[in-house]
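Here's the structure we're looking at; comments come further down.
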2 protein chains.
Amino acid sequence: MKDITPRLISLLKRGYCTPQIGRIAKQLAEPATTIHYNVKKLEKEGAVKSYKAVFNYKKIDEGFCCYVLINLSPDEYGNPERISADLAKHPEIESIDICTGDWELVLKVRTKDQDAYYNFIKNVISRKGVTKIKTLTSLKQIKTESVTI
Amino acid sequence: MKDITPRLISLLKRGYCTPQIGRIAKQLAEPATTIHYNVKKLEKEGAVKSYKAVFNYKKIDEGFCCYVLINLSPDEYGNPERISADLAKHPEIESIDICTGDWELVLKVRTKDQDAYYNFIKNVISRKGVTKIKTLTSLKQIKTESVTI
DNA sequence: GTCAATATTCGAATATTATTCAGTTAAATA
DNA sequence: TATTTAACTGAATAATATTCGAATATTGAC
C-alpha cells in the first residue's frame, strides 16, 4: 500500500492550505464577502507568503529540535546569502536567519533524533565556510510558529 | 471605516486555515477522497496542531525580528515552564524553546522596529527570574516556518 | 499459511464553502 | 464640494470538501 503520509506532510509543511473565510467571518462578526475582500487584498499586496500546517513534530518523526548558531569564515562572511540559499533546500531546516551579534547564521533544525541530527551536521553543516558551530538543544517547545503547544 | 486587517492577521497567524484537499490530490496524483482520509487521520492522531498563514512580516508591521537568548535565575531554573507559559501569551513572541546549553530559553520575537523591540524587552523580558539576556538581531530572513522567502 | 478483523483506497452523490457580481457606502483627492 | 477610488455587502453562482458504500489491502491471532 502506498504510504501517502510523508508526501502529504511535506506539502502541508510549506503550503497547500487556504484561509477559512466563513469561520473568520463568524469569529469577527463580519460578512464573509468582506473577509474575502480583505484576505485577497493581503494576498495581492504580498503580505501573505503561504498558508501551511503546524505539526506536533514528535508525531511526525521530527521530535529532535535545535538551534544551530554558526560563524562563517572571512570569505563567506561577505556573502552569507549564497550559503543560506543552499541550506534552505534542506527540509530539516525550518528557519534560516542572517544575524548580527556573536553569530552570523541562526538555524532552527528538526530531525527524528540525535543520531539523525549528527548525520545532518556531518553532511550539511560541516563544510568549508563554517568556522564555528554551537548547538542549543530544545528540551521542550512551548510555542512554535506562533502556535502554543 | 472599520479596519479589519489587524484582527484578520491575528487570526491567520495562528490558525483559521484549512488544507486544500483538491490541490494536494492533483499534486500527488491521488484521489481527493484518499487525501481527505489521510488528512483526517493526521488530525485525529494529533499530528496536526493548526493550519495558519505565513506572512511577509515587513508588510504587516513586524519587520524587526530577533532571537532572544535568556538565562534564568536559580529559582526559575527548576521550573522554566511557568515563565514560558506566561511569555507565550505575548503575540510578539513567535516561538519559545526551553533549551540545554549556554541558554535556558530561546525566543524568536517580531516587532515593528527597534523602538518597539526596546519597549518589549523593558516590559516583558526584564523581570525577576531573568538574569542575563543576549539578542541576536536578524538582518535577513532566508527561510521562516519552513517557507523560503 | 489461513481466516477474521481492521485499516485504507476510491468513485459517485451530496453538502458545504468560497467566489463572483453588481450595487452601495465611505474615504481620499483635487 | 465634486469626483475618483477604495471598501463593504447581499444574493446568486461556482468550486470544493465531505459523506457514503463498496472494494481492496494489511494486520494479527491461531
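First the proteins, then the strands, lettered A, B, ... as listed; each starts at 1. Everything numeric in this text was worked out from a predicted model, so none of it was measured.
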(request) Give a yes or no answer on whether the side chain of A:Asp113 reaches the backbone of A:Asp115 with a donor-acceptor pair at less than 3.5 Å. (result) yes

(request) Calculate the interatomic distance between B:Lys44 atom NZ and D:dT18 atom P; express it in whole Å. (result) 12 Å

(request) Just compare C:dT9, C:dT20, D:dT19 and give me whichever is closest to any side-chain atom of B:Thr34. (result) C:dT9

(request) Please report, rounded to the nearest Å, how far the C1' atom of C:dA15 is from the CD1 atom of B:Ile21. (result) 15 Å

(message) Assuming nearest nucleotide by heavy-atom distance, tell me which of B:Lys40 and A:Glu30 is located more 5' along DNA chain D.
(response) A:Glu30

(message) Please give me the minimum heavy-atom distance between B:Arg14 and B:Lys52, naming the atom from each residue.
(response) C-CB, 3.8 Å

(request) Give the minimum heavy-atom separation between B:Pro80 and B:Tyr77, together with the two atoms involved. (result) CD-O, 3.3 Å

(message) Looking at C:dT19, I'd like to know if its phosphate oxygens (OP1 or OP2) sit under 4.0 Å from a side-chain N or O belonging to A:His36.
(response) yes

(request) Report the nucleotide, chosen from C:dT8, D:dC8, D:dG10, that has the shortest atom-to-atom distance to any side-chain atom of A:Asn38. (result) D:dC8

(message) Looking at every non-hydrogen atom in both residues, tell me the closest pair between B:Ser84 and A:Ile142 and how far apart they are.
(response) CB-CG1, 3.6 Å

(message) If you assign each of B:Lys41 and A:Pro19 to its closest nucleotide in DNA chain C, which residue comes earlier from the 5' end?
(response) B:Lys41

(request) Would you mind reading off the distance between A:Lys26 atom NZ and C:dT17 atom C1', rounded to a whole angstrom? (result) 11 Å

(message) Using whole Å, what does the distance between atom C1' of nucleotide D:dC8 and atom CZ of B:Arg7 come to?
(response) 13 Å

(request) Could you check A:Ala32 against B:Ala32 and say which one's nearest nucleotide on DNA chain C is further toward the 5' end? (result) B:Ala32

(message) Quick check for you: among C:dA18, D:dA17, D:dT9, whose closest atom lies nearest to any side-chain atom of A:Thr33?
(response) D:dT9

(request) For B:Ile35 and C:dT8, give me the distance from atom CD1 to atom C1', rounded to whole Å. (result) 12 Å

(request) Could you check how far CD of A:Glu43 sits from P of C:dT19, rounded to whole Å? (result) 8 Å

(request) Would you kindly give the CD-to-C1' distance between B:Glu45 and C:dA7, to the nearest whole Å? (result) 12 Å

(request) Using whole Å, report how far OH of B:Tyr37 lies from C1' of D:dA17. (result) 18 Å

(message) If you define the side chain from C-beta out and look only at heavy atoms, does anything of A:Glu30 sit under 4.5 Å from B:Arg7?
(response) yes

